[in-house]
*Asks:* 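Okay, handing you the structure first.
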Amino acid sequence: MNILILGSGGREHTLAWKLSQSPQLKKLYVAPGNAGTASIAQNIPIGVNDFEAIKKTVLSEDIALVVVGPEDPLVRGVHDFFLNDGELRDIPVIGPQEEAAQLEGSKEFAKQFMIRHAIPTAAYQSFTAADLEEAYGFLESLHPPYVLKADGLAAGKGVVILKDLNEAKAELRSMLVDAKFGEASATVVIEEFLDGIELSVFVLTDGNGYKVLPTAKDYKRIGEGDTGLNTGGMGAISPVPFADKTFMDKIHERIVKPTVEGLKKDELPYKGFIFIGLIKVGDDPKVIEYNVRMGDPETEVVIPRIKNDFLEVLQAVAQGTLDEVVLELDSRSATTVMLVSGGYPEAYEKGKEITGFQDITDSLVFHAGTKLNEDEVVTNGGRVMAITSLDEDFRQALQKSYQNIKKIRFDAMNYRKDIGFDL
Ligand code: AMP
Ligand code: GLY
């Protein structure tokens, strides 16, 4: 069968790499893709939110399954677009419909969902500009630090954590009154601060059955020791060493099960990935956020640890037979280190030639922000490439990635040398 993957990052290259190993795959397309996906699939130069162009490709290339990488098209209803179109209706889409995608698209929606289904999360209240004074009062009732979250999608920048009450009030005002994040901050969720160590759990569901995929821990800050600005993710490790059986059982019983059951009770059809961002407070897991897709760079460590034919797994999601699948996992640890453009996550230059990555044989090179420029592979984004390695423990795996990174060169290349430092 022919498959179309929507997206252009390391996540999509990893999914393409995995699906291309399936004997059942005839032809793989990625829209818009990157230089990495171009080497194993056909890139189609269309945007992930251009539903009409996606329709044309799906029909002309005889696509039988669509896998949606990023959240944006899901929150904009790409799955519903397929279901409402006579010619596309029977072509399965991996990714939730618009309503359930609100789990990521609206923090307020996600909070209400968790409260309704008794899923542990930080206490909160939400406010609009009309309730500014009341919101100030709520801030005054909390202990610092103060956690402010723009309700809508804000390109990963919508969460602000401040220690000072007056700064928190000023930030709240700028979000609500001055529309700091546009429409996304017309509602702001103010939350209790949770102190603990973060990890993520990934669930794949067909709306009925589900599989818990490997755990991962992401390193979001640009600087060593988790300092500096937030990024999309600078590296990841799977499995998370402190997520032992007792803790995973709690996550399963208190969070994963009620989440999937809650979707059913609320009549929110869901075929796709659920990314649950968690924090371990004492010995207990609490949910920080839901995402309705895989993480990036978490995908680069989660997917290589799955041994199954992933096309079969996704077909089972489409057909509602996921309960019949037995997941087989690689017991080794996977690590990935993200190479980024100098300056990222602030301004950076693109178009720098990347060399040396072709010589790497004992790590996996997943492209993120790259493109082909004639015969050269050049940088085309802040996050450029993720170097994934597998080994008996995560430290050995990391060593392999760091050894191989020495072979790679591009102008102003930067990366974190301390992934896993806190474990
Ligand atoms: P999010 O955009 O929801 O992933 O939030 C970004 C980051 O803010 C998370 O990865 C956490 O590090 C932090 N964060 C969010 N909510 C809380 C909270 N209630 N307490 C402590 N840290 C939080
Ligand atoms: N690495 C975090 C994310 O994908 O949102």
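Indexing begins at 1, ligand by ligand and atom by atom, following the structure's order.
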*Asks:* Considering the heavy atoms of Phe275, write down every atom of ligand 2 situated less than 4.0 Å from one of them.
*Replies:*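 Matching atoms, with element in brackets: 3 (C), 4 (O), 5 (O).
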*Asks:* In the protein, what heavy atom is nearest to atom 2 (O) of ligand 1, and what distance, to one decimal place, separates them?
*Replies:*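 Answer for atom 2 (O) of ligand 1: Val159 CG2, 3.2 Å.
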*Asks:* Examine the proximity of ligand 2 to Glu298 and report which part, side chain or backbone, both or neither, has a heavy atom under 4.0 Å away.
*Replies:*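 Under 4.0 Å from ligand 2, Glu298 contributes side-chain atoms alone.
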*Asks:* Taking atom types as modelled and ignoring hydrogens, do the side chains of Thr246 and Asp249 form a donor-acceptor contact shorter than 3.5 angstrom?
*Replies:*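 There is no such pair between these side chains.
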*Asks:* Heavy-atom contacts with Phe193 under 4.0 Å: which atoms of ligand 1 show up? List them by number with element.
*Replies:*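 Once the distances to Phe193 are compared, the set is 20 (N), 21 (C), 22 (N).
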*Asks:* Might you point out which heavy atoms bring Pro32 and Ser8 nearest each other, and give the distance in Å?
*Replies:*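 Shortest heavy-atom separation between Pro32 and Ser8 comes out as CG-CB, 3.9 Å.
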*Asks:* What is the closest protein heavy atom to atom 1 (P) of ligand 1, and at what distance does it sit?
*Replies:*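 The answer is Glu289 OE1, 3.4 Å.
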*Asks:* Do the side-chain N and O atoms of Tyr219 and Asp418 include a donor-acceptor pair separated by under 3.5 angstrom?
*Replies:*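 Not at all, the side chains of Tyr219 and Asp418 share no donor-acceptor pair under 3.5 Å.
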*Asks:* Tell me which part of Met234 gets within contact of ligand 2: side chain, backbone, both or neither, using heavy atoms under 4.0 Å.
*Replies:*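 Under 4.0 Å from ligand 2, Met234 contributes no heavy atoms.
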*Asks:* Can you tell me which portion of Glu198 lies within the under-4.0 Å heavy-atom range of ligand 1? Options are side chain, backbone, both, or neither.
*Replies:*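 Within the 4.0 Å criterion, Glu198 contacts ligand 1 through side-chain atoms alone.
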*Asks:* Indicate whether any N or O donor in one side chain lies under 3.5 Å from an N or O acceptor in the other, for Ser126 and Glu108.
*Replies:*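 There is such a pair (donor and acceptor under 3.5 Å, judged by atom type) between the side chains of Ser126 and Glu108.
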*Asks:* Nearest 0.5 Å please: distance from the CZ atom of Phe247 over to the NZ atom of Lys280.
*Replies:*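 Between atom CZ of Phe247 and atom NZ of Lys280 there are 5.5 Å.
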*Asks:* Quick one: do the Ser363 and Asn404 side chains pair a donor with an acceptor below 3.5 Å?
*Replies:*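 Yes, because at least one side-chain N or O of Ser363 sits under 3.5 Å from a partner of the opposite role on Asn404.
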*Asks:* My understanding is that only one of Lys111, Glu289, Glu191, Glu192 makes a side chain to side chain donor-acceptor pair (under 3.5 Å) with Thr121; could you say which?
*Replies:*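 In the set Lys111, Glu289, Glu191, Glu192, the residue that makes a side chain to side chain donor-acceptor pair (under 3.5 Å) with Thr121 is Lys111.
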*Asks:* Between Thr231, Asn230, Asn291, Asp296, which one has a non-hydrogen atom sitting closest to atom 1 (N) of ligand 2?
*Replies:*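 The option holding the nearest heavy atom is Asp296.
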*Asks:* For atom 16 (N) of ligand 1, find the nearest protein heavy atom and state the residue, atom name and distance (0.1 Å precision).
*Replies:*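 Heavy-atom neighbour on the protein nearest atom 16 (N) of ligand 1: Lys149 NZ, 3.0 Å.
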*Asks:* Would Lys417 pass as a cation-pi partner of Tyr415, given that its NZ or CZ must be under 6.0 Å from the six-membered ring centre and within 45 degrees of the axis?
*Replies:*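 Yes - Lys417 lies over the ring of Tyr415, closer than 6.0 Å to its centre and within 45° of its axis.
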*Asks:* Quick check on Arg293 - does any of its heavy atoms sit under 4.0 Å from an atom of ligand 2?
*Replies:*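 Checking ligand 2 against Arg293, which is what was asked, there is a heavy-atom contact under 4.0 Å.
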*Asks:* Consider every N or O of Gly232 and every N or O of ligand 2, then say whether any pair is closer than 3.5 Å.
*Replies:*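 It does: an N or O of Gly232 is found under 3.5 Å from an N or O of ligand 2.
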*Asks:* Of all the atoms in ligand 2, which lie at a distance below 4.0 Å from a heavy atom belonging to Gly295?
*Replies:*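 With Gly295 as reference, the close atoms of ligand 2 come out as 4 (O).
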*Asks:* Among all protein heavy atoms, pick out the one at the shortest distance from atom 19 (N) of ligand 1; state its residue, atom name and that distance to 0.1 Å.
*Replies:*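 That would be Glu191 OE1, 2.6 Å.
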*Asks:* Which heavy atom of the protein is the closest neighbour of atom 2 (C) of ligand 2, given with residue, atom name and distance?
*Replies:*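 Protein heavy atom with the smallest distance to atom 2 (C) of ligand 2: Asp218 OD2, 3.5 Å.
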*Asks:* Hey, could you give me the OG1/CD1 distance between Thr37 and Ile44, rounded to the nearest 0.5 Å?
*Replies:*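 If I round to the nearest 0.5 Å, the distance is 10.5 Å.
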*Asks:* Considering only protein heavy atoms, which is closest to atom 20 (N) of ligand 1, and at what distance to one decimal place?
*Replies:*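 Ranking protein heavy atoms by distance from atom 20 (N) of ligand 1, first comes Leu194 N, 2.8 Å.
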*Asks:* What residue and heavy atom of the protein are closest to atom 23 (C) of ligand 1, and at what distance?
*Replies:*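 Among all protein heavy atoms, the one nearest atom 23 (C) of ligand 1 is Ile161 CD1, 3.8 Å.
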*Asks:* Is it true that, when you exclude Arg221 itself, more than 12 heavy atoms of the residues, nucleotides or ligands shown sit nearer than 6.0 Å to its CZ?
*Replies:*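 Counting other residues, nucleotides and ligands, CZ of Arg221 exceeds 12 neighbours.
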